[in-house]
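A short worksheet on the structure shown next.
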Amino acid sequence: MGRAIVITSGKGGVGKTTTAANIGSALAQLGKSVVVVDADIGLRNLDVVMGLENRIVYHLVDVVRGKCTVAKALIKDRRLENLWLLPASQTDDKDSVTPDDMKKLVCELRATHDFVVIDCPAGIEQGFKNAIAGADEAIVVATPEVSSIRDADRVIGLLAAAGIPARLIVNRISPHLVKRGDMLSQADVIEILALELLGTIPLDEHIVATTNKGIPAVLENKSIAAKEFTRVARSLAGLDAGAPVAAPGFFSRLGRALGLSPAPTA
């Protein structure tokens, strides 16, 4: 059986879909059989990010409702022979699928693929509950911003309550802004969220360009961000050691002010 990994954050716009597309593609480049699942019913975007939007015939809700088999709904990526997409529906709502539906679907996909990467919708309502239902583990994506960290902290608590282990990706971090004191560092985010670091993705205009072209950045492998996504995939595949946890940072007091990290003990 394969591993089901949900990519989540709570807050929208932090790069979950880009992360799912790049990690899924990088795992496929490593020879793993991968299906990426868009669980954002009604607001699908993973197909666009992967450049597969024109090939959709069936979608996740069709599978759940028995209108087609999983095999018919899967879209094979022509660039990587072992990568598939299961798109979301654009016309249904999140109540069209239940957590039990997702558990059954993910179980079926795990039986035929090494990795099932699930792109979770924003928020913590029904769409979130559906997306995490069949997951073995989670990757929480957070940007070094107060609003993102607050939402990520909430999601981490919900994942813990569901018994789903989670690791952290800090996305869109700028060493220049960190050095200037205008952005939280990865160490600050780690200390506030108290989560194991899986990867740190730098702020990179190449990611924006490749996303707009429907090409996961790892396929071109021209940027630092793409190389870090590949390193994360190697770690998930057990080919590299996990990313080291950075030392505590200056802004940890901000987390305490927000009620997100414990105050120091005497």
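Everything numeric in this text was worked out from a predicted model, so none of it was measured.
- Taking the salt bridge (charged side-chain N to carboxylate O under 4.0 Å, His left out) definition, one finds that Glu137 meets it with Arg3, Arg167, sequence neighbours left out.
- Of all the heavy atoms in Leu27 and Ala233, the pair that sits closest is CD2-O, 3.5 Å.
- Not a single donor-acceptor pair under 3.5 Å links the side chain of Asn130 to the backbone N or O of Gly127.
- Within the structure, every pair that satisfies the salt bridge (Lys or Arg N to Asp or Glu O under 4.0 Å) test and touches residues 66-83, not counting sequence neighbours, is listed here: Asp77-Arg79.
- At a threshold of 4.5 Å between side-chain heavy atoms, the hydrophobic network of Ile, Leu, Val, Met, Phe, Trp and Tyr places Val61 and Val70 in one connected group.
- The shortest heavy-atom contact between Leu197 and Gln186 is CD2-NE2, 3.9 Å.
- Looking only at atom types and distance, the side chain of His206 has a donor-acceptor partner in the side chain of Glu220 under 3.5 Å away.
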- Could you walk me through whether Leu74 and Leu85 pass the side chain to side chain contact (heavy atoms under 4.5 Å, CB included) test, one step at a time? CA-CA 6 Å; Leu74 291 179; Leu85 165 69; over 6 Å; no
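- With sequence neighbours excluded, the residues forming a side-chain contact (heavy atoms from CB on, under 4.5 Å) with Ala133 are Pro99, Met102, Lys103, listed by chain and number.
- Residues Thr19 and Ile169 have side chains in contact (heavy-atom distance under 4.5 Å, counting atoms from C-beta outward).
- Residues passing the side-chain hydrogen bond (donor to acceptor under 3.5 Å, both in side chains) test with Thr143, sequence neighbours excluded: Glu145, Ser148.
- The closest side-chain heavy-atom distance from Leu219 to Asn221 is not below 4.5 Å.
- We find that Arg44 and Asp47 are joined by a salt bridge, their nearest charged nitrogen and carboxylate oxygen being less than 4.0 Å apart.
- For the pair Gln90 (side chain) and Gly42 (backbone), a donor-acceptor distance under 3.5 Å is absent.
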- Worked check of side chain to side chain contact (heavy atoms under 4.5 Å, CB included) between Phe115 and Ile23: CA-CA 10 Å; Phe115 286 92; Ile23 288 179; over 6 Å; no
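- Side-chain contact between Lys179 and Ser185: absent, with no pair of heavy atoms (C-beta onward) separated by less than 4.5 Å.
- In this structure, Asp38 contributes its side chain and Asn45 its backbone to a donor-acceptor pair below 3.5 Å.
- When atom types are taken as modelled, the side chain of Lys104 and the backbone of Gly134 share no donor-acceptor pair closer than 3.5 angstrom.
- For the residue pair Ser96 and Asp101, the shortest heavy atom distance occurs at O-OD2, 4.3 Å.
- Proximity of a side-chain donor or acceptor of Asn171 to a complementary backbone N or O of Val14 within less than 3.5 Å is detected.
- Note that CG of Asp40 and CG of Asp119 are 7.0 Å apart. Values are rounded to the nearest 0.5 Å.
- When every heavy atom of Gly10 is checked against every heavy atom of Asp151, the shortest pair comes out as C-CB, 4.2 Å.
- Atoms CD1 and OG1, on Ile7 and Thr17 in that order, are 10.0 Å from each other to the nearest 0.5 Å.
- Shown here is Ile224, whose CD1 atom has no more than 12 heavy atoms of other residues, nucleotides or ligands within 6.0 Å.
- Using a 4.5 Å heavy-atom cutoff, the side chains of Phe128 and Thr8 are in contact.
- Taking CD1 from Ile139 and OG from Ser9, the interatomic distance works out to 12.5 Å, rounded to the nearest 0.5 Å.
- Ion pairing between a basic and an acidic side chain is recognised when a charged N comes within 4.0 Å of a carboxylate O; Arg65 and Asp92 show such pairing.
- Leu60 is listed as a side-chain neighbour of Val37, based on a closest heavy-atom distance under 4.5 Å.
- Residue Leu83 is grouped with residue Ile56 when hydrophobic side chains (ILVMFWY) are merged at heavy-atom distances under 4.5 angstrom, including chains of intermediate members.
- Under the 4.5 Å side-chain heavy-atom criterion for Ile, Leu, Val, Met, Phe, Trp and Tyr, Ile149 and Leu177 are members of the same hydrophobic cluster.
- Cluster membership check: Leu86 does not share its hydrophobic cluster with Val48, using side-chain heavy-atom separations under 4.5 Å among Ile, Leu, Val, Met, Phe, Trp and Tyr.
- Taken to the nearest 0.5 Å, the CD atom of Gln126 stands 9.0 Å off from the CD1 atom of Ile41.
- Connection of Trp84 to Val49 is not established within any shared hydrophobic cluster, with ILVMFWY side chains joined at heavy-atom distances below 4.5 Å, either directly or through further cluster members.
- Here Arg231 contributes atom CZ and Leu239 contributes atom CG; the two are 12.0 Å apart, rounded to the nearest 0.5 Å.
- Across all non-hydrogen atoms, the minimal contact from Leu203 to Ser174 is CD2-CB, 4.3 Å.
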- Run the side chain to side chain contact (heavy atoms under 4.5 Å, CB included) check on Leu168 and Val189 step by step: do they pass? CA-CA 9 Å; Leu168 174 69; Val189 179; 4.0 Å; yes
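- Hydrophobic clustering, defined by side-chain heavy atoms of Ile, Leu, Val, Met, Phe, Trp and Tyr closer than 4.5 Å, groups Val57 together with Tyr58.
- Leu46 approaches Ala20 most closely through the heavy-atom pair CD1-CB, 4.5 Å.
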- Show your reasoning for whether side chain to side chain contact (heavy atoms under 4.5 Å, CB included) applies to Phe229 and Ile207. CA-CA 11 Å; Phe229 276 126; Ile207 292 290; 4.0 Å; yes
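- Atom-to-atom distance recorded for Lys129:NZ and Cys120:SG is 12.0 Å, nearest 0.5 angstrom.
- Checking side-chain atoms of Asn82 against main-chain N and O of Lys32 turns up a donor-acceptor pair under 3.5 Å.
- Between the side chain of Thr18 and the backbone N or O of Gly15, no donor-acceptor pair lies under 3.5 Å.
- Ser25 and Asn22 share no side-chain donor-acceptor pair at under 3.5 Å.
- Residue pairs meeting the side chain to side chain donor-acceptor pair (under 3.5 Å) criterion with at least one partner in residues 105-116, sequence neighbours excluded, are Arg110-Asp136.
- Not a single donor-acceptor pair under 3.5 Å links the side chain of Asp153 to the backbone N or O of Leu193.
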